[in-house]
Amino acid sequence: MLEKRLRFAPSPTGPLHIGGLRTALYNYLISKNQKGKFVLRIEDTDLKRFDKKAEKHITDCLNWCGIFPDESPMKPGKFGPYRQSERKSIYKKYIKKLIDSGKAYYAFDSVDDLDKLRKEKEKKGETFIYNWKNRENFINSLTVNKDENKNYINNNYVVRFKSYDKDDSNDKLKIKDEIRGEIEIDLKLQDDKIIFKNDGMPTYHLANVVDDHLMKISDVVRGEEWLPSLPLHWQLYESFGWKKPNFAHLPLILKPTGKGKLSKRDGQKFGIPVYPINWNEDDNIFYEGFKEIGFEKTAFINFVSMIGWNPGNEDEIFDLDELVNQFSINRIIKSGGKYDYEKAKWFNIEHLKKISNKELIAQFEGEIRKQFHKIIDISKVDKVIEIVRERVEFRKNIIKEIHSIIDYNISDLKENISKINFNSELEEAIKLLLKNLKEIKNIDTIKNFYFNEMKENNIKIGDGMKALRVCISGKQSGADLFSLINIIKREIIIQRINNSLNTLNDKNWNS
Ligand code: GLU
């Protein structure tokens, strides 16, 4: 069997958004699932829209996600160069072939003239189209004589593809998409698209087809927005007499509302990330990426993989290798997939659960020691991690979360202690607990002790726990109370309870 070779072929006209990343990911997954190759080709033929920061953003995103190409501009294989701007001479050869075989022709019409015609048509609610019906009314190599032709070619020209000719035996074209099935195209309605521009560059269509052929691409998997280009690409393959790859056009990623295609503006509108990593647009609009928000890359990939695909059962959590094993083109969903940010965060929480305590300890122990050594019993760092890891959406919030459960400040205390109905029994129970804290050897016995106290003095468990929590943390809620007692140094707990009871009884403040 021929080796599967799939490619991701972005145009460096802007940053890589989540839709582009999904295309890259699907191509990677399909190629790896079939033990094939994944190629990155930079399609930089559009000089006007070229953005010099874009290629770096694209490769940084792929690197972060661990989607490493087997061949790319940075890692050339035997089909290079992998940047289209470096392949100009190749395209010229193929343009000549099409012109010589009569499948393409030079066109010399001025942009202004065509614009005028386009506008006139638009005014009438019609679309301007340059094709078999009217190409003879324009200035092109089919209408001017040989000398004029030469003259024009020396100056300024584009090359157009002849989509249909009156004499063609067939005006219907059957094309096939792996996701949508067979589609029939009326060639009489096709435009004679420009395949070579007056700046000496091929257009996307020609370069893309030539390169896919020369790079032996077996499957073209790309966004739905390229489906309208498929008839032309199909015809180009046929004109060259080349074997076609399989084509699959991925459904759109929809806005969080489910209506319409997700755009970068939705990032600001809904306050959601649309790029895998940060992007600074024109150095004034800043888009925070999934990476910088704190997403685990495995969670991000998992989230993206499931917008438009599922494994056919209830399973949802996959790492990259598992996705490689599971992925198949025939489980790609035909309709658009909604971008659900809450779901993205859910994936992150699920992937966070898979990270070992050991890894988190290794990452955070230094900082925990630095910031909390006066308060936390450092021999219990593992317990600290165990408590906070379940309380955060993102791993980067771990230190902040430790602060939120550990910190004790007077303003919180004053606010919360006033809300507690401290009767004498309750205060007495806490005083006894304080005494017990000073005497016991094993801190784990404190829970039983306090529960007995509450029972004997008819204190409701809820009231007793709330009061003790406020005394120890100044707050009304937080991590499991006896876990907190376990990790905070004993002398600190004693100090805090003393201080809280003093605050409670401070007549100046209390009255
Ligand atoms: N250069 C095109 C893009 O920017 C590639 C489309 C394709 O994959 O054929 O999306």
Side-chain angles (χ1 to χ4, degrees), residues 4-31 37-59 61-62 67 69 71-73 79 81-88 91 161 175-180 193-197 201-237 242 244-253 261-264 274-276 279 304 308 329 332:
K4 281 280 180 187
R5 290 178 55 81
L6 283 90
R7 53 38 167 204
F8 177 49
S11 298
T13 51
L16 182 63
H17 53 75
I18 177 173
L21 193 277
R22 185 187 62 167
T23 302
L25 176 64
Y26 284 11
N27 276 286
Y28 174 85
L29 295 175
I30 297 163
S31 65
K37 294 277 187 311
F38 173 61
V39 177
L40 172 67
R41 182 175 71 228
I42 299 293
E43 301 209 322
D44 53 351
T45 54
D46 193 343
L47 301 175
K48 280 194 206 111
R49 293 176 58 219
F50 180 76
D51 178 339
K52 62 181 188 311
K53 292 191 309 181
E55 186 179 321
K56 182 166 183 327
H57 188 263
I58 293 166
T59 49
C61 289
L62 296 182
I67 308 175
E71 298 163 27
S72 72
F79 301 97
Y82 290 83
R83 248 184 228 108
Q84 289 186 328
S85 56
E86 294 162 23
R87 299 172 62 84
K88 272 158 88 174
Y91 309 122
F161 184 75
I175 59 177
K176 188 175 167 230
D177 178 81
E178 297 300 314
I179 299 173
R180 281 144 230 271
K193 290 248 164 51
I194 295 176
I195 53 176
F196 200 81
K197 295 173 288 179
M201 280 287 206
T203 57
Y204 151 73
H205 305 292
L206 181 88
N208 183 272
V209 166
V210 167
D211 287 347
D212 280 346
H213 171 72
L214 295 178
M215 294 183 176
K216 297 200 177 344
I217 298 303
S218 57
D219 300 73
V220 169
V221 178
R222 60 187 171 195
E224 185 176 85
E225 64 274 27
W226 300 107
L227 192 58
S229 304
L230 185 56
L232 170 60
H233 296 186
W234 200 274
Q235 284 189 295
L236 282 168
Y237 277 98
W242 293 337
K244 295 173 205 77
N246 301 319
F247 290 98
H249 289 82
L250 303 173
L252 296 176
I253 296 188
K261 183 181 171 187
L262 180 78
S263 75
K264 68 174 185 185
V274 288
Y275 299 123
W279 176 253
V304 172
I329 221 168
I332 291 175

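Remember, it's 1-based here, ligands and their atoms both numbered in the order they're listed. The figures that follow rest on heavy atoms only: side chains count, while hydrogens, waters and symmetry mates do not.
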Listed partners of R5 passing salt bridge (Lys or Arg N to Asp or Glu O under 4.0 Å), at least two apart: E71
Nearest option to atom 3 (C) of ligand 1, as decided by whichever heavy atom of F8, W226, Y204 sits closest: W226
Closest heavy-atom pair and its distance - E43, P12: O-CD, 3.4 Å
Heteroatom distance test (P10, ligand 1): nitrogen or oxygen, under 3.5 angstrom: no
Partners passing salt bridge (Lys or Arg N to Asp or Glu O under 4.0 Å) against K88 (at least two apart in sequence or in another chain): none
Output field: ring centroids F161/H233 closer than 6.0 Å: no
Shortest protein heavy-atom distance from atom 8 (O) of ligand 1, along with the residue and atom involved: R7 NH1, 2.6 Å
Those atoms of ligand 1 less than 4.0 Å from some heavy atom in E43: 1 (N), 2 (C), 5 (C)
Protein contact to atom 5 (C) of ligand 1 [nearest heavy atom, distance to 0.1 Å]: A9 O, 3.1 Å
Identity and separation of the nearest protein heavy atom to atom 4 (O) of ligand 1: S11 OG, 3.0 Å
Over 12 non-hydrogen atoms of neighbours within 6.0 angstrom of NZ in K53: yes
Numbering as shown, the atoms of ligand 1 that approach N208 to under 4.0 Å (heavy-atom distance): 7 (C), 9 (O)
Ring geometry between Y275 and H57 (parallel below 30°, tilted from 30 to 60°, perpendicular above 60°): perpendicular
